[in-house]
Amino acid sequence: MSYDDQNIFAKILRGEVPSTFIYEDEWAVAFHDINPQAPDHILVIPRGPYVSMVDFAMGASDDEVTGFFRAVAKVATAAGLDDDGYRILANAGPNSHQEVPHLHVHIFGGKRLGPMLVTNFK
Ligand code: AMP
């Protein structure tokens, strides 16, 4: 899948759609999810134009990959989630219900999150 630079996160990165960054560095930015699914629900996105984890892991530079994952860790820690725990999730493609085609890691926390998947696959 090629990158669509009209996706909402691309517009946020360009400043065309307002957002409040709770973290930003050379490689990544983080902001609160507009429709939170947990008391803490943060999105971390790379600055580069990558659709998915595979696109990112295979196409980004080592510095981008390292910088992005360090940013995820810094954001989770700065949000105070390290002690009680949290979940990270990255959707990819239609089976995952990925809505925004720019790689993003969800960080969920702030309560007992329960079983990993809420739907029964059978
Ligand atoms: P996904 O289904 O993994 O693609 O998740 C996309 C997420 O982006 C959803 O949880 C949305 O609530 C969130 N989202 C969409 N637009 C915005 C926005 N402008 N600011 C913050 N979060 C957003």
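As the structure lists them, so they are numbered: ligands from 1, and atoms in each ligand from 1. Computed from heavy atoms alone, side chains included, the values below leave out hydrogens, waters and symmetry copies. Please read these numbers as outputs of a predicted model, since none were measured by experiment.
- In Asp84, the CG atom is not crowded: 12 or fewer heavy atoms of neighbouring residues, nucleotides or ligands sit closer than 6.0 Å.
- For CZ of Arg87, the number of neighbouring non-hydrogen atoms (other residues, nucleotides, ligands) closer than 6.0 Å is greater than 12.
- In this pair, Phe9 and His104 present their aromatic rings perpendicular. The plane angle is above 60°, beyond the 30 to 60° band.
- In the displayed structure, His32 atom NE2 is contacted under 6.0 Å by at most 12 heavy atoms of other residues, nucleotides or ligands.
- The aromatic rings of Phe56 and Phe68 lie perpendicular to each other, with more than 60° between the two planes, well past the 30° mark.
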Table of N or O contacts for ligand 1, cutoff 3.5 Å:
| from | atom 1 | to | atom 2 | distance (Å) |
| --- | --- | --- | --- | --- |
| ligand 1 | 2 (O) | His97 | O | 3.2 |
| ligand 1 | 2 (O) | Glu99 | N | 3.3 |
| ligand 1 | 3 (O) | Asn91 | ND2 | 2.8 |
| ligand 1 | 3 (O) | His104 | NE2 | 2.8 |
| ligand 1 | 3 (O) | His106 | NE2 | 2.8 |
| ligand 1 | 4 (O) | Glu99 | N | 2.6 |
| ligand 1 | 4 (O) | Val100 | N | 3.0 |
| ligand 1 | 4 (O) | His104 | NE2 | 2.9 |
| ligand 1 | 5 (O) | His104 | NE2 | 3.1 |
| ligand 1 | 5 (O) | His106 | NE2 | 3.3 |
| ligand 1 | 10 (O) | Asp33 | OD1 | 3.2 |
| ligand 1 | 10 (O) | Asp33 | OD2 | 2.5 |
| ligand 1 | 12 (O) | Asp33 | OD1 | 2.5 |
| ligand 1 | 22 (N) | Ile34 | N | 3.1 |

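- Connection of Ile42 to Phe21 is not established within any shared hydrophobic cluster, with ILVMFWY side chains joined at heavy-atom distances below 4.5 Å, either directly or through further cluster members.
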